[in-house]
Amino acid sequence: MSEEKSLNFIEEIVEGDLSAGKYKSIVTRFPPEPNGHLHVGHAKSICLNFGLAQKYGGSTNLRFDDTNPTTEETQYVEGIKEDVKWLGFEWANELYASDYFEQLYGFAVKLIEKGLAYVDDSTSETIAAEKGTPTQPGKESAYRNRSVEENLQLFADMRAGKYKDGEKVLRAKVDMASTNMLLRDPILYRIKHAHHHRTGDAWCIYPMYDFAHGQSDSIEKITHSICTLEFVSHRALYDWLIEQLGIFPSHQYEFARLNMTYTLMSKRKLLQLVNEKYVDGWDDPRMPTISAMRRRGFTPESIRKFCDLIGVAKRENMIDVGLLEFCVREHLNKVAQRRMVVFDPLKVVLTNYTDKDETVRCEDNPEDPNTTYRDIPFSGELYIERDDFMENPPKKFFRLAPGQMVRLKSAYIIRCDDVIKDADGNITELHCSYLPESQSGNDKSGLHVKGTLHWVSVPHAVNAELRLYDRLFNTEDPASYEGDLKDILNPGSLQIIQHAYAEPALRNAKFDDRYQFLRKGYYTLDKDTSEDRMVFNRTVTLKDTWAKEQKK
RNA sequence: UGGACCAUUGUGUAACGGUAGCACUGCAGAUUUUGGUUCUGCCUGUCUAGGUUCGAAUCCUAGUGGUCCAACCA
């Protein structure tokens, strides 16, 4: 029996509408503005919109809200499409608000004819001043009562390019005294002599969000138009315009956007990080963008799982970034190929090992019942992790120490006999003896050791560069920090290990392969990899209870 | 100081007038040739005050707290 999963409030609305017969099927949309790249907050919205249509048998449009030509670029359109696809969703139609410019113009004319819109010659300063404040009513514009004919002519002249930017606007005539600021004669059209990424120079007037979004929804017969909480007060205008225009009544529902600890979600600030070179582009693996998470090695499955776990509600929230990491680990644990890589080498010489061409067999993924195996070359000179050895170990240190034994993963048990140091007292290598009868899978030693270490054979080791990422900010809520962003950047957010020693199987690593470097973390090949240099990104570390124990 | 929306363990999210549950985190233990995984157990919560009701997290009122609204941005 599968357990009944409770519905979120939007699913309840949809189920209510469906069972009441209000709609036969639903239509949703994901409406990004192509002025930046998508981030994990958008992923929440994507999963919600596409997920709803999937669950209830409907369809979802991808609609670019491209009504502001000065900030929007085709480059972003392409990036957004790639991101949505990568997340695993298919849109029914690829649409653009700019497809509707002619229709929208017609809607505006209709409003003018109904006496519900007028051309205003006021400067933006005047309009702002007359708008009033949340506690004081606004003042009606001197141009508010122009005749329908005059408005029609003026609006046509606006379109014809007779005026300069900012000289005139088209405003709705609603209520300057409304307690809802958005109803105080909102601007519908403004003049912008700017090149549009799709319509080129065909237009010099562009509709505002409020006169494009709801109308586009209506044109596409969107049944459930889902957006974030800051649009709650827009809903009154949304409904008013649809009613006055007498067009298909789409309905808007609002949910709380995603906030996550240690991460910035504002497109403006993310752009700033890119422009001021605090990160290396939109897909720098430390960014919360979809493209960055992809490059870093997150899987679409794990992001979808995350979006499922965080839920959908109207309460402001702050999700622990650890939950995202949990979802990534959970999925990667199931699919990642295990490999051994030594980050900070300490040489181990097996004094009783007589050279033979030996390989040891190791499963690629113990979580996979159908796991494949690979042969790893073994030899008398090995690298282990420097911090897997301690000369004076504390209690419960299950790794290597003088006289102590550990198992080398998939190979033998070894004992540390001698610690070799240079003139300055630095440990340069360890002399150990191995127990031939302790061979992995064929252990007749009768011993059982607490610790198992990863290792790499010195003569067979291949070189790789490792990029270890940590949170970009050192404050839990960077969005609420008011000073300079660079003051809260985590200086250790990127640590590069130039020369790590990897087992030879890694030489065949391909892009999109997911690896678990044993006892270290999950890694994936970075696009900076070239013929002569392999670069791996750390997707996320493994849980490390030993590190936690030590902090106590 | 106007209006709108919101308030459940540390963080999220359920409970639709009838036993406050789930996940993450944290803690303790078992298993483990990854101090990973897996498994078991445990901790912590209904913003406050009134009211309605046999019974309130749920409904009502007031208060308190948070978020949003005065871009020719979306």
Side-chain angles (χ1 to χ4, degrees), chain A residues 3 5-8 12 31-33 35 65-68 70-72 97 120 123-124 127-138 165-171 178-182 184 187-192 205-206 208-210 212-213 227-236 254 256 261 267-268 309-320 322-327 329-330 333-334 338 340 362-363 366-367 396-399 406-411 413 438 440-441 443 448-454 516-521 541-550:
Chain A
E3 263 162 53
K5 196 179 178 267
S6 57
L7 304 176
N8 66 51
E12 282 180 2
E33 182 187 11
N35 67 346
D65 235 337
D66 56 349
T67 57
N68 185 3
T70 54
T71 59
E72 296 153 6
D120 194 333
T123 62
S124 65
I127 291 176
E130 288 179 347
K131 195 137 217 167
T133 69
T135 53
Q136 290 170 312
D165 287 9
E167 231 178 294
K168 286 180 167 45
V169 291
L170 182 73
R171 288 230 257 170
S178 173
T179 52
N180 183 342
M181 299 292 289
L182 283 155
R184 322 249 261 226
I187 293 171
L188 267 22
Y189 266 91
R190 76 286 215 190
I191 299 170
K192 269 180 194 264
I205 57 171
Y206 292 92
M208 296 287 290
Y209 166 84
D210 287 300
H213 199 103
C227 61
T228 45
L229 247 31
E230 65 268 31
F231 292 96
V232 167
S233 54
H234 290 251
R235 191 174 62 236
E254 312 87 10
T261 56
K267 263 202 246 179
R268 205 195 90 244
L309 286 184
I310 59 178
V312 176
K314 302 187 78 159
R315 190 185 340 164
E316 292 290 335
N317 59 78
M318 179 65 76
I319 307 285
D320 189 336
L323 185 63
L324 213 208
E325 292 171 353
F326 163 81
C327 294
R329 287 193 189 101
E330 182 182 57
N333 177 51
K334 291 189 193 112
R338 312 293 132 124
M340 294 198 285
C362 188
E363 73 277 0
E367 299 297 313
K396 294 204 280 186
F397 184 79
F398 304 141
R399 305 177 184 183
V406 293
R407 174 172 291 283
L408 297 176
K409 171 69 182 173
S410 298
I413 293 174
S438 68
S440 185
D443 188 344
H448 81 277
V449 292
K450 271 284 211 176
T452 300
L453 307 186
H454 62 281
Q516 183 197 104
F517 292 174
L518 234 57
R519 305 205 300 139
K520 286 298 196 176
T541 60
L542 252 29
K543 261 176 67 179
D544 191 345
T545 25
W546 172 242
K548 200 186 286 178
E549 179 79 20
Q550 281 177 306

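We name chains A, B, ... by the order of the sequence lines, and we start the count at 1 in each one.
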A.B. asks: Of all residues at least two apart in sequence or in a different chain, which pass the side-chain hydrogen bond (donor to acceptor under 3.5 Å, both in side chains) check with A/Lys396?
C.D. replies: A/Glu549

A.B. asks: Quiz question: going by heavy-atom distance under 3.5 Å, is there a donor-acceptor pair between the base of B/rU38 and the side chain of A/Glu367?
C.D. replies: no

A.B. asks: Write down the distance between CD1 (A/Ile319) and C1' (B/rG10), rounded to a whole number of angstrom.
C.D. replies: 13 Å

A.B. asks: When rounded to the nearest Å, what value does the distance between P atoms of B/rC27 and B/rG36 take?
C.D. replies: 13 Å

A.B. asks: If you pin A/Pro366 and A/Arg190 to their nearest nucleotides in RNA chain B, which one's is more 5'?
C.D. replies: A/Pro366

A.B. asks: Please work out if A/Gly166 contacts a base, only the sugar-phosphate, or nothing of the nucleic acid, heavy-atom cut-off 4.0 Å.
C.D. replies: base

A.B. asks: In whole angstrom, give me the gap between the C1' atoms of B/rA23 and B/rU58.
C.D. replies: 23 Å

A.B. asks: Please measure how far the P atom in B/rG3 lies from the corresponding atom in B/rC43, and state the result in whole Å.
C.D. replies: 45 Å

A.B. asks: Restricting to non-hydrogen atoms, name the atom on A/Glu33 and the atom on A/Asn68 that form the minimum distance, rounded to 0.1 Å.
C.D. replies: OE2-CB, 4.0 Å

A.B. asks: Has the side chain of A/Arg190 got a donor or acceptor atom that lies under 3.5 Å from a matching backbone atom of A/Gly166?
C.D. replies: no

A.B. asks: Which part of the nucleic acid, if any, lies within contact of A/Gly441, taking any heavy atom under 4.0 Å across all strands shown: a base, the sugar-phosphate backbone alone, or nothing?
C.D. replies: base

A.B. asks: Could you tell me the separation between the CG atom of A/Asp65 and the P atom of B/rA74, rounded to a whole number of Å?
C.D. replies: 8 Å

A.B. asks: With a 3.5 Å distance limit and no angle check, can you tell me whether A/Gln136 reaches the backbone of A/Gly132 through a side-chain donor-acceptor pair?
C.D. replies: no

A.B. asks: For atom P, what is the distance between B/rG35 and B/rC68, given to the nearest Å?
C.D. replies: 46 Å

A.B. asks: C1' atom, B/rU9 versus B/rA62: distance in rounded Å?
C.D. replies: 27 Å

A.B. asks: Return the minimal non-hydrogen interatomic distance between A/Arg184 and A/Arg171, and the atom names on each side.
C.D. replies: O-NH1, 3.7 Å

A.B. asks: Counting only N and O atoms by type, is there a donor-acceptor contact under 3.5 Å from the side chain of A/Arg407 to the main-chain atoms of A/Ser438?
C.D. replies: yes

A.B. asks: If the C1' atom of B/rG26 is compared with that of B/rU19, how far apart are they to the nearest Å?
C.D. replies: 26 Å

A.B. asks: How is A/Phe397 classified with respect to the nucleic acid when contacts are heavy atoms under 4.0 Å: base, sugar-phosphate, or nothing?
C.D. replies: base

A.B. asks: Is there a donor on the side chain of A/Arg329 or the base of B/rU37 sitting less than 3.5 Å from an acceptor on the other?
C.D. replies: no

A.B. asks: Between A/Trp546 and B/rG35, do the rings stack, that is, sit under 5.5 Å apart with planes less than 30° off each other?
C.D. replies: yes

A.B. asks: Picking from B/rG36, B/rA74, B/rA70, which would you name as closest to the side chain of A/Asn68?
C.D. replies: B/rA74

A.B. asks: Please check the phosphate of B/rG36 (OP1 and OP2 only) for any side-chain N or O of A/Lys520 closer than 4.0 Å.
C.D. replies: no

A.B. asks: Nearest heavy-atom pair of A/Thr452 and A/Leu408: which atoms, and what distance?
C.D. replies: CG2-C, 4.5 Å

A.B. asks: If the condition is side-chain hydrogen bond (donor to acceptor under 3.5 Å, both in side chains), which residues does A/Glu130 pass it with, not counting sequence neighbours?
C.D. replies: none

A.B. asks: Given atom CG of A/Asp165 and atom P of B/rC72, what is their separation to the nearest angstrom?
C.D. replies: 14 Å

A.B. asks: Is there a side-chain polar atom (N or O) of A/Thr67 under 4.0 Å from OP1 or OP2 of B/rA74?
C.D. replies: yes

A.B. asks: Between B/rC72 atom P and A/Ile191 atom CD1, what is the distance in whole Å?
C.D. replies: 14 Å

A.B. asks: Picking from B/rC72, B/rA74, B/rA4, which would you name as closest to the side chain of A/Tyr209?
C.D. replies: B/rA74

A.B. asks: If you assign A/Thr545 and A/Phe326 each to the RNA chain B nucleotide with the nearest heavy atom, which residue ends up on the more 5' nucleotide?
C.D. replies: A/Phe326

A.B. asks: Determine the contact category for A/Val169: base if any of its heavy atoms lies under 4.0 Å from a base atom, sugar-phosphate if only primed atoms, P, OP1 or OP2 are that close, otherwise nothing.
C.D. replies: base

A.B. asks: If the P atom of B/rU46 is compared with that of B/rU37, how far apart are they to the nearest Å?
C.D. replies: 32 Å

A.B. asks: Only Watson-Crick and G-U wobble pairs, only distances under 3.5 Å, only runs of 3 or more: what stems does that leave for RNA chain B?
C.D. replies: B:2-7 with B:64-69, B:10-13 with B:21-24, B:26-30 with B:38-42, B:47-51 with B:59-63

A.B. asks: For a quick check of understanding: with a heavy-atom distance under 4.0 Å over all strands, which category does A/Arg235 fall into, base, sugar-phosphate or nothing?
C.D. replies: nothing

A.B. asks: Please identify each residue that fulfils side chain to side chain contact (heavy atoms under 4.5 Å, CB included) with A/Ala236, with sequence neighbours left out.
C.D. replies: A/Asn180, A/Leu183

A.B. asks: Once you round it to whole Å, what is the distance between P of B/rG35 and NZ of A/Lys548?
C.D. replies: 15 Å

A.B. asks: Specify the separation, in whole Å, of atom CZ of A/Arg184 and atom P of B/rA4.
C.D. replies: 14 Å

A.B. asks: For B/rA71, does either OP1 or OP2 sit under 4.0 Å from a side-chain N or O belonging to A/Lys131?
C.D. replies: no

A.B. asks: Output all residues satisfying ring pair (Phe, Tyr, Trp, His ring centres under 6.0 Å) with A/Tyr209, sequence neighbours left out; order by chain, then residue number.
C.D. replies: A/His213, A/Phe231, A/His234

A.B. asks: Identify all pairs in which a protein N or O lies below 3.5 Å from an N or O of nucleotides 60-69 of chain B, and state each distance.
C.D. replies:
| unit_1 | atom_1 | unit_2 | atom_2 | d |
| --- | --- | --- | --- | --- |
| B/rU67 | O2' | A/Glu316 | OE2 | 3.0 |

A.B. asks: What nucleic acid atoms does A/Val449 come within less than 4.0 Å of, heavy atoms only: base, sugar-phosphate, or nothing?
C.D. replies: nothing

A.B. asks: How long is the line joining CZ of A/Arg315 and C1' of B/rU46, in whole Å?
C.D. replies: 11 Å

A.B. asks: Counting the atoms with a prime plus P, OP1 and OP2 as sugar-phosphate, which does A/Lys450 contact under 4.0 Å by heavy atoms, base, sugar-phosphate, or nothing?
C.D. replies: nothing

A.B. asks: How would you label the contact of A/Thr123 with the nucleic acid (heavy atoms, under 4.0 Å): base, sugar-phosphate, or nothing?
C.D. replies: base

A.B. asks: At 4.0 Å (heavy atoms only), tell me whether A/Gln136 reaches a base, stays on the sugar-phosphate, or touches nothing.
C.D. replies: nothing

A.B. asks: Which whole number of Å gives the distance between the C1' atom of B/rA49 and that of B/rU64?
C.D. replies: 10 Å

A.B. asks: Dump the intermediate steps for side-chain contact (heavy atoms from CB on, under 4.5 Å) on A/Leu453 and A/Arg519, then the final yes or no.
C.D. replies: CA-CA 8 Å; A/Leu453 307 186; A/Arg519 305 205 300 139; 3.5 Å; yes

A.B. asks: Within the side chain of A/Asp66, is there an N or O that forms a donor-acceptor pair under 3.5 Å with the backbone of A/Ala97?
C.D. replies: yes

A.B. asks: Quick one: A/Met318 CE to B/rG12 P, roughly how many Å, whole number?
C.D. replies: 8 Å

A.B. asks: Salt bridge or not for A/Lys409 and A/Glu363, using N-O below 4.0 Å?
C.D. replies: yes

A.B. asks: Measure distances between side-chain N and O atoms of A/Arg519 and base N and O atoms of B/rU34, and say whether any donor-acceptor pair falls under 3.5 Å.
C.D. replies: no

A.B. asks: Students often get this wrong, so: under 4.0 angstrom with heavy atoms, is A/Met208 touching a base, only sugar-phosphate, or nothing?
C.D. replies: sugar-phosphate

A.B. asks: Whether the side chain of A/Ser440 and the base of B/rU33 hold a donor-acceptor pair under 3.5 Å is what I'd like checked.
C.D. replies: yes

